Engineer: 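Have a look at the structure that comes next, please.
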Amino acid sequence: MKVVKFGGSSLASATQLEKVFNIVKEDESRKYVVVSAPGKRNPEDTKVTDALIKYFKEYTNGKDTSQSQEWIINRYRSITEELDLDEEIIEEISRDIKSLATLPKSDNTFLYDTFLAAGENNNAKLIAAYFVKNGLEAKYIHPKNAGIFVTSEPCNARILPSSYDKIEELSNHNEILVIPGFFGITKEDQVCTFSRGGSDITGSIIAAGVKADLYENFTDVDGIFAAHPGIIKQPHSIPELTYKEMRELAYAGFSVLHDEALVPAYRGKIPMVIKNTNNPKHPGTKIVLNHTDENVKVVGIAGDSGFVSINTTKYLMNREVGFGRKLLQILEDLNISWDHMPTGIDDLSVILRSKELTPIKEQEILKHLIQDLQVDYAEIEHDLSIIMIVGENMKNQIGVTATATKALSENNINIQMISQGSSEVSIMFVVNQEQEKQAIKALYNVFFN
Ligand code: ASP
């Protein structure tokens with residue numbers, strides 16, 4: 001039994017919905033269909049979720065909302081008309097969209113979430129009606145009835161662990177259940193969304209809850225590429241990735257899947273596959289617990305910019321008990337989260353994302369390092385990129401770092417720092433932001449070409 005999730009671009013028009021219908025119809029084990037709101041039909045288009053944000057802002061600022069309402073309703077109408085669905089469904093959607101502008105504005109913590117969730121909720125109703133009209137036994141189900149109960153954190157809901165037992169009860173049904181992604185219900189019976197792109201999370205939660213054999217996540221690419229297609233021309237798509245590898249790649253800028261979507265499926269030991277709605281015959285990328293092929297060393301090369309390094313040097317640092325703790329305490333007191341910490345005997349650097357800092361925070365850090373920790377030298381280095389070579393099987397192989405550093409040196413790229421965690425899932429190089437693309441090209445060529 002499979003849980004299938006379709007993203008916004010797979011549901012943006014009647015033509016896309018026809019592809020979705022064929023995918024669901026051709027495999028009767030596809031019993032749960034989780035859907036996003038209609039996405040963009042072309043690069044200039046607006047996602048329904050973004051149109052709902054605009055609508056919300058107009059409503060709460062007391063502005064005229066009629067144009068936004070109309071735009072959103074027409075988005076659905078163009079789909080229902082092309083699919084020749086009964087007038088009833090668009091009337092229901094229209095009523096729902098309009099009713100948002102009657103909800104109380106004050107003391108309504110979840111008003112924004114309620115607006116946003118309407119995008120997926122109405123789309124799920126539309127898709128269920130379309131499936132039924134075309135002879136599939138299907139039913140729309142609201143997240144409340146599906147058992148998706150979440151914490152009361154607006155725009156950042158987390159699933160409550162007790163939900164899984166309730167979701168498991170869904171298993172006793174014959175028809176295909178069409179479930180809106182992106183939101184759940186709080187204990188106070190309020191609509192609360194996950195963070196943006198969160199329909200992936202719903203799919204993963206349902207897959208874990210019903211103990212699916214597979215979670216299929218349909219998007220508009222042939223799986224996950226071994227490097228960014230904006231940097232490498234036609235990179236190959238990765239046939240198989242482990243959850244750990246996926247986490248590493250996602251951290252360094254691979255954004256095919258929502259970060260948090262991995263957790264429920266991983267904990268539930270559910271394999272996942274990323275597939276293309278526009279090319280469903282392509283096998284896509286499988287995300288598994290353990291590799292089936294031990295010989296694959298490197299699965300992907302990722303890079304991300306916008307990093308900063310706080311560099312410190314102090315003579316005899318290695319003998320000073322508590323130095324590291326005191327340094328991290330400075331960051332904690334300023335509510336700064338950090339990512340990596342490469343060290344030397346008398347050097348310690350902390351690498352973090354530049355969004356964690358402000359000019360004032362930087363001054364504070366330097367002041368504490370010099371006055372309290374009495375370092376000999378401290379600087380904050382900007383415009384750094386991290387490059388990650390990812391592959392769980394690296395731990396059983398010798399020479400991956402040698403191959404990588406040789407390729408970087410041959411391309412005149414200065415490695416500023418190197419770091420590898422004990423699990424050896426990835427090797428990280430810090431380079432100057434300007435050399436990021438060149439570094440990715442050099443590494444892709446040496447490992448994949
Ligand atoms: N529609 C929501 C968004 O655009 C959630 C999703 O598509 O996954 O963020």
Side-chain angles (χ1 to χ4, degrees), residues 1-39 48 75-96 117-148 166-185 199-200 202-219 270 273 275 277-278 280:
M1 176 246 297
K2 296 173 184 163
V3 172
V4 213
K5 182 258 165 181
F6 293 96
S9 61
S10 304
L11 306 165
S13 65
T15 319
Q16 290 301 88
L17 282 189
E18 279 161 12
K19 294 179 192 168
V20 166
F21 175 79
N22 289 330
I23 290 169
V24 175
K25 194 179 144 198
E26 86 181 3
D27 182 346
E28 57 180 37
S29 61
R30 292 180 172 137
K31 282 288 182 202
Y32 303 87
V33 178
V34 175
V35 298
S36 283
V48 164
R75 252 331 242 102
Y76 290 103
R77 181 174 286 121
S78 66
I79 300 174
T80 58
E81 281 181 358
E82 245 191 278
L83 294 174
D84 203 20
L85 301 186
D86 295 342
E87 192 54 23
E88 219 175 88
I89 180 73
I90 191 65
E91 276 167 15
E92 188 182 339
I93 293 172
S94 172
R95 271 195 305 277
D96 184 77
E120 344 295 285
N121 200 32
N122 285 303
N123 214 21
K125 287 181 192 167
L126 186 160
I127 290 161
Y130 168 50
F131 283 4
V132 171
K133 187 174 160 62
N134 286 279
L136 278 182
E137 231 188 296
K139 187 170 95 178
Y140 154 84
I141 178 163
H142 190 275
K144 182 176 176 177
N145 301 324
I148 307 174
K166 183 92 177 65
I167 295 169
E168 199 179 352
E169 290 170 20
L170 288 177
S171 318
N172 308 318
H173 66 92
N174 290 324
E175 62 279 80
I176 296 163
L177 299 184
V178 184
I179 309 165
F182 191 37
F183 69 98
I185 298 298
S199 296
D200 285 341
T202 306
S204 182
I205 289 168
I206 296 291
V210 301
K211 303 192 169 57
D213 299 308
L214 185 64
Y215 170 29
E216 295 178 306
N217 191 299
F218 278 86
T219 165
I270 314 290
V273 63
K275 286 182 69 98
T277 304
N278 306 316

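Everything numeric here is computed off the predicted structure, so don't read it as measured data.
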Engineer: Out of curiosity, Lys25 NZ to Ile176 CD1, how far, rounded to the nearest 0.5 Å?
Structural biologist: 11.0 Å
Engineer: Quick check for you: to the nearest 0.5 Å, what is the distance between Ser10 atom OG and Leu17 atom CG?
Structural biologist: 9.5 Å
Engineer: Any idea which heavy atoms bring Leu85 and Ile89 closest together, and the distance?
Structural biologist: CB-CG2, 3.9 Å
Engineer: Could you give me the CA-CA distance, side-chain angles and deciding distance for Ser9 and Phe218, then say whether side-chain contact (heavy atoms from CB on, under 4.5 Å) is met?
Structural biologist: CA-CA 10 Å; Ser9 61; Phe218 278 86; over 6 Å; no
Engineer: Apply side-chain contact (heavy atoms from CB on, under 4.5 Å) to the pair Val33 and Leu177, showing each step before the final yes or no.
Structural biologist: CA-CA 6 Å; Val33 178; Leu177 299 184; over 6 Å; no
Engineer: Quick one: does Val273's side chain get under 4.5 Å of Asn217's, heavy atoms only?
Structural biologist: no
Engineer: Is there a side-chain contact between Val210 and Val3 (heavy atoms, below 4.5 Å)?
Structural biologist: yes
Engineer: At what distance, to the nearest 0.5 angstrom, does OG1 of Thr80 lie from CD of Glu91?
Structural biologist: 10.0 Å
Engineer: For the residue pair Asn278 and Gln16, confirm or rule out a side-chain donor-acceptor distance under 3.5 Å.
Structural biologist: yes
Engineer: Please give me the minimum heavy-atom distance between Gly147 and Lys166, naming the atom from each residue.
Structural biologist: CA-CG, 3.4 Å
Engineer: Identify the two heavy atoms, one from Ala12 and one from Gly39, that lie closest to each other, and give their separation to 0.1 Å.
Structural biologist: CB-O, 3.5 Å
Engineer: Compile the donor-acceptor pairs under 3.5 Å between side chains in residues 129-145 and protein atoms, sequence neighbours left out, one pair per line.
Structural biologist:
unit_1, atom_1, unit_2, atom_2, d
Lys133, NZ, Asp84, O, 3.2
Asn134, ND2, Tyr130, O, 2.9
Tyr140, OH, Asn121, OD1, 2.6
His142, ND1, Lys144, N, 3.0
Lys144, NZ, Asp189, OD1, 3.1
Lys144, NZ, Asp189, OD2, 3.4

Engineer: With a cut-off of 6.0 Å (strictly less than), are more than 12 heavy atoms of other residues, nucleotides or ligands near CD of Glu88?
Structural biologist: no
Engineer: Can you check side-chain contact (heavy atoms from CB on, under 4.5 Å) on Ile93 and Leu126, steps first, answer last?
Structural biologist: CA-CA 8 Å; Ile93 293 172; Leu126 186 160; 4.1 Å; yes
Engineer: Kindly give the heavy-atom pair with the smallest separation between Tyr76 and Ala118, and that separation in Å.
Structural biologist: OH-O, 3.7 Å
Engineer: Would you say Arg30's side chain and Ile23's backbone share a donor-acceptor pair under 3.5 angstrom?
Structural biologist: yes
Engineer: I need the minimum non-hydrogen distance between Ile148 and Thr202, along with the two atoms involved.
Structural biologist: CD1-CG2, 3.8 Å
Engineer: Would you compute the distance between atom OG of Ser204 and atom NZ of Lys5 and round it to the nearest 0.5 angstrom?
Structural biologist: 11.0 Å
Engineer: For Asp213, is there an ion pair with Lys2 - N to carboxylate O distance below 4.0 angstrom?
Structural biologist: no
Engineer: I'd like to check the salt bridge (Lys or Arg N to Asp or Glu O under 4.0 Å) partners of Lys211; sequence neighbours left out, ordered by chain and number.
Structural biologist: Glu168
Engineer: Using the test salt bridge (Lys or Arg N to Asp or Glu O under 4.0 Å), find all partners of Lys31 that sit at least two apart in sequence or belong to another chain.
Structural biologist: none
Engineer: For residues Pro280 and Lys275, report the shortest heavy-atom separation together with the two atoms involved.
Structural biologist: O-NZ, 3.1 Å
Engineer: Could you walk me through whether Thr277 and Phe6 pass the side-chain contact (heavy atoms from CB on, under 4.5 Å) test, one step at a time?
Structural biologist: CA-CA 8 Å; Thr277 304; Phe6 293 96; 3.8 Å; yes
Engineer: Give a yes or no on this: more than 12 heavy atoms of other residues, nucleotides or ligands lie within 6.0 Å of atom CD of Glu28.
Structural biologist: no
Engineer: What I'd like to find out is whether the side chain of Val20 reaches to under 4.5 Å of the side chain of Leu11, using heavy atoms alone.
Structural biologist: yes
Engineer: Is it true that Ser199 and Glu120 share a donor-acceptor pair across their side chains at a distance under 3.5 Å?
Structural biologist: yes
Engineer: Could you tell me the separation between the CD1 atom of Ile206 and the CG atom of Leu170, rounded to the nearest 0.5 Å?
Structural biologist: 6.0 Å
Engineer: To the closest 0.5 Å, what do you measure between CD (Glu82) and CD (Glu18)?
Structural biologist: 7.5 Å
